[in-house]
Amino acid sequence: MNRLFSVFCVRNIPLFLAFLLTFGSQAGAEDPAAKTLSLNADADSIYLAPELASAFDEGAALVRVGCWEYYPNAPFLARFDGVGDDCQDDGYPQDRPLYSPQNVDFFIERPEKTPQGYKIPRYTDDGRDKVYDRFYVTSGRSESVGGNPDANKLEPYGKILAGPSFVTELPSLCDGPREEPGSIKGLEAVDLDDAKELGVAHAAMTLDLCWILQTENVDTLDFNCNGKTWRFNRKAVEYYDAWTKKATDYGMQVTFVLVFWGQRIKLAPEGTVFPDYERWTDMAYTLSIAAPNTATREGCERLMALYEFLGSRYTAPDKAHGRASNFVIGNELNSGFIWNNMGKLPLDETVRQYGRQLRIAYTALRKYWSGARVLASFDNFWTANSAHDFGFSQYEGKGGFGAREYLLALAAQTRSEGDYPWHVAFHPYGLDLRTPVYWDQFSVESAARNEDARRVTPYNIEILPQFLARDEMKCNGAARDFYFTEQGFASPQDDDYGNYHDELYDPDNLPQVWLDRQSAAYAYAHFKFVAVGAKANIFHRQQDVKSERLNIGLWARPADKETGKGARKPIWDVFRQIDKPGAEELTLKYLPILRFYPDEKPAETWDELIPNFNVVRNALNRQ
């Protein structure tokens with residue numbers, strides 16, 4: 001494993017020498033009185049601040065625990081009954097055992113004093129990388145019980161003086177720069193040749209992680225991680241190899257969306273998904289996504305191996321299997337009762353568990369390429385709660401949250417344990433996915449242009465970058481970037497779009513009025529996304545899918561097929577031209593459709609609808 005770090009950039013050495021113990025309110029969610037501990041790594045060692053000298057001289061201990069555990073004196077554990085998630089009214093007959101404070105395996109490190117500060121070995125004797133572990137400085141004696149260095153128990157447990165903290169700076173096998181496209185135009189591309197003809201700059205693929213993790217009765221690929229050999233499904237991996245390589249060769253920036261489909265969990269080894277996962281069965285369809293198991297050592301180590309495998313294969317500079325630049329970790333977290341289900345956990349524990357997954361992904365991918373980005377995914381329920389709006393009150397505050405409150409909690413949680421640059425994957429659909437219209441009275445009132453809006457749609461999308469520019473959302477003073485990784489606009493086959501009539505679907509005769517509305521919705525959204533500084537606008541979908549019941553594709557499907565290329569819709573050509581010179585003039589014909597409430601007067605120019613349209617105009621002229 002050490003060979004991964006043989007390439008170390010000398011210009012980054014100061015990062016590993018600038019160790020600080022700082023005081024302040026950000027020191028944590030776990031203990032506001034504790035100090036923040038900064039930790040950095042090179043190929044062989046983890047470094048601590050020289051300011052710790054007096055603490056260690058007085059008998060303080062450097063304590064390390066696995067990322068799935070906490071030091072027994074961590075204050076937040078006092079709010080638990082010791083055996084479960086502390087949701088007494090969550091409908092379970094008893095609490096679930098997420099933590100067992102009296103059975104924590106923690107290890108006492110022996111920091112070595114050097115002229116640059118203190119350091120410890122990066123790897124354990126059995127090959128585990130400590131960059132995944134949580135560190136504390138505690139009071140009390142640093143000797144192990146009975147003089148046995150393997151016992152690693154402190155009696156009694158010391159007070160936490162600093163931490164919990166993770167390593168936040170570590171070297172990468174590859175420090176090559178990211179290659180950013182000149183356009184934000186993107187697509188969930190099932191047909192890459194069609195995507196190439198469309199001029200797609202960003203191609204997205206959803207990876208079925210349960211399939212990749214399948215090892216029973218399949219040919220596998222071996223991968224070493226943390227001193228163990230892990231196996232992955234060769235057929236699944238080679239399928240994604242072919243797609244990623246082709247997209248990369250076509251010059252597209254690849255975004256992976258990494259999910260554990262609820263319908264596929266039996267393919268993966270036992271213990272892969274979260275122990276409290278509840279398969280979603282409350283709607284007409286049973287499509288759902290499970291959260292991975294971040295509650296146990298086994299689950300976390302499987303995630304480390306999985307993300308390192310993806311990093312090693314899809315971020316290598318030779319691009320032998322293609323290159324992925326962006327990794328969306330999970331899906332629509334704030335509506336997790338459907339799209340990232342870990343049972344009925346309150347917000348603080350939901351964020352604690354997801355924050356663990358996101359940090360594992362960041363660390364694993366960063367080991368291979370410093371340019372790899374991790375993104376946290378949210379739907380457009382901003383202050384509204386989808387569980388409430390859809391009538392599932394049992395999930396309100398326990399799987400269903402507003403995106404704003406979740407983002408604030410996630411930023412605070414990651415900052416309290418050592419901040420790092422995760423970014424945002426947002427899904428700014430309209431209010432009702434069955435219609436392309438988001439300019440009517442109900443849509444505009446629900447998506448007001450202020451931070452307290454219930455929903456965020458293309459109409460009020462500026463709320464997101466304004467929110468991310470707030471100090472409490474920044475990472476080390478820099479605003480997090482945002483990508484629109486899933487949004488699309490429907491073309492109903494009749495005016496009764498609330499009820500899907502499959503027998504009326506005719507790919508060659510979809511109503512022109514709805515096709516034009518679909519194109520208008522896309523044109524406005526794309527221009528608005530450019531104007532607010534989005535990094536990508538990835539359209540969902542390329543082709544209509546019968547079971548989705550939305551007609552949201554660039555292509556109509558054949559009438560007798562689940563999906564496929566039946567007939568091109570007008571939006572196909574709008575999509576192709578949207579980032580090219582002449583796009584402004586091409587799309588003027590859609591302005592009369594975009595009659596935003598309350599004025600409902602057609603605009604004559606795009607400047608009237610998008611005040612800073614010059615940003616868009618300049619982008620078009622650069623193409």
Side-chain angles (χ1 to χ4, degrees), residues 177-187 189 192 194-204 247-248 250-255 325-326 371 373 423 426 428 436 438-439 449 457-466 468-469 478-479 481-485 487-489 516 518-539 542 554 568-594 596 602-623:
R178 289 170 58 90
E179 299 172 3
E180 299 295 354
S183 170
I184 71 168
K185 183 169 70 178
L187 182 65
L192 285 169
D194 182 51
K196 182 182 180 183
E197 186 177 355
L198 285 161
V200 165
H202 299 261
T248 302
Y250 279 171
M252 302 170 189
Q253 185 177 94
V254 171
T255 295
S325 297
N326 310 309
R373 287 191 162 191
H423 302 280
F426 201 78
Y438 50 76
W439 46 86
R449 284 176 167 164
T457 71
Y459 173 71
N460 65 341
I461 194 60
E462 59 270 20
I463 288 173
L464 181 63
Q466 291 167 2
L468 294 177
D481 287 330
F482 54 99
Y483 296 70
F484 299 138
T485 55
Q487 55 283 324
F489 309 102
D516 288 343
Q518 181 188 35
S519 295
Y522 173 71
Y524 176 87
H526 183 85
F527 290 154
K528 191 77 177 284
F529 297 167
V530 172
V532 299
K535 292 295 183 181
N537 170 24
I538 298 174
F539 191 81
Q542 191 169 11
L554 305 177
R568 283 182 182 175
K569 301 180 188 178
I571 191 177
W572 187 95
D573 195 56
V574 175
F575 185 99
R576 184 173 64 88
Q577 299 284 347
I578 198 68
D579 58 346
K580 294 178 172 56
E584 178 180 359
E585 294 74 20
L586 173 72
T587 54
L588 288 175
K589 63 183 178 182
Y590 296 116
L591 290 176
I593 297 172
L594 296 165
F596 284 90
E604 295 184 2
T605 68
W606 281 108
D607 298 86
E608 295 176 49
L609 291 182
I610 303 174
N612 55 339
F613 191 77
N614 269 336
V615 174
V616 183
R617 197 171 282 122
N618 292 337
L620 293 173
N621 290 335
R622 288 195 299 268
Q623 296 300 310

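Judged purely by atom type and a 3.5 angstrom limit, His526 has no side-chain atom pairing as donor or acceptor with the backbone of Ala521. No side-chain donor-acceptor contact under 3.5 Å links Gln487 to the backbone of Asn537. Between the side chain of Asp481 and the backbone N or O of His423 there is no donor-acceptor pair closer than 3.5 Å. A side-chain donor-acceptor contact under 3.5 Å links Arg178 to the backbone of Gly371.
Residues Lys528 and Ile610 share a closest heavy-atom pair of N-CD1, 3.8 Å. Pairing each heavy atom of Leu588 with each of Pro592, the nearest pair is O-CD, 3.8 Å. Listed here is the closest heavy atom pair of Ala195 and Gln542: N-NE2, 3.8 Å.
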Can you list the steps and then say if Trp572 with Gln577 is a side-chain contact (heavy atoms from CB on, under 4.5 Å)?
-> CA-CA 9 Å; Trp572 187 95; Gln577 299 284 347; over 6 Å; no
Ile578 and Lys185: side-chain contact (heavy atoms from CB on, under 4.5 Å), yes or no, with the steps?
-> CA-CA 8 Å; Ile578 198 68; Lys185 183 169 70 178; 3.6 Å; yes
Check the pair Val200 / Phe539 against side-chain contact (heavy atoms from CB on, under 4.5 Å), numbers first and verdict last.
-> CA-CA 10 Å; Val200 165; Phe539 191 81; over 6 Å; no
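In this structure, the side chains of Leu187 and Phe575 come closer than 4.5 Å at one or more pairs of heavy atoms. The side-chain heavy atoms of Ile538 and Ile184, taken from C-beta on, include no pair separated by under 4.5 Å. Looking at heavy atoms from C-beta onward, Val254 lies in side-chain contact with Thr248 at the 4.5 angstrom threshold. Contact check for Leu609 versus Leu594: side-chain heavy atoms found under the 4.5 Å cut-off. Put simply, the side chain of Ile461 reaches to within 4.5 Å of the side chain of Pro428, judged on heavy atoms. Here the side chains of Leu192 and Met252 are in contact, with some heavy-atom distance below 4.5 Å. Between Glu608 and Phe613 there is no side-chain heavy-atom pair separated by less than 4.5 Å. Contact of the Val530 side chain with the Asp579 side chain is not registered, since no non-hydrogen atoms from C-beta on lie closer than 4.5 Å.
Partners of Glu604 by salt bridge (charged side-chain N to carboxylate O under 4.0 Å, His left out), not counting sequence neighbours: none found.
At most 12 heavy atoms of other shown residues, nucleotides or ligands fall within 6.0 angstrom of atom NZ in Lys535.
One finds the NZ atom of Lys569 at 9.5 Å from the OG atom of Ser519 (value rounded to the nearest 0.5 Å). Distance check, rounded to the nearest 0.5 Å: OG1 of Thr605 to CG of Leu591 gives 7.5 Å. Phe527 contributes atom CZ, which lies 9.0 Å from atom OH of Tyr522 (distance to the nearest 0.5 angstrom). Atoms NZ and CG, on Lys196 and Asp194 in that order, are 12.5 Å from each other to the nearest 0.5 Å. Atom CG of residue Asn614 and atom CH2 of residue Trp606 lie 15.0 Å apart, to the nearest 0.5 angstrom. Residue Glu462 holds its CD atom at 11.0 Å from CZ of Phe529, rounded to the nearest 0.5 Å.
The distance between the ring centers of Tyr438 and Phe489 falls below 6.0 angstrom. Annotation: Tyr524 is in aromatic contact with Phe596 [ring centroid separation under 6.0 Å]. Not less than 6.0 angstrom separates the ring centroid of Tyr483 from the ring centroid of Phe426. Ring centroid separation for the pair Phe484 and Phe482 comes in under the 6.0 Å cut-off. Between Trp439 and Tyr459, the ring center distance fails the sub-6.0 Å criterion.
No salt bridge links Asp573 with Arg568; every basic N to acidic carboxylate O contact stays at or beyond 4.0 Å.
Screening residues 611-623 for salt bridge (Lys or Arg N to Asp or Glu O under 4.0 Å), with sequence neighbours left out, gives Glu584-Arg617, Asp607-Arg617.
A donor-acceptor pair shorter than 3.5 Å can be found between the side chains of Glu180 and Gln253.
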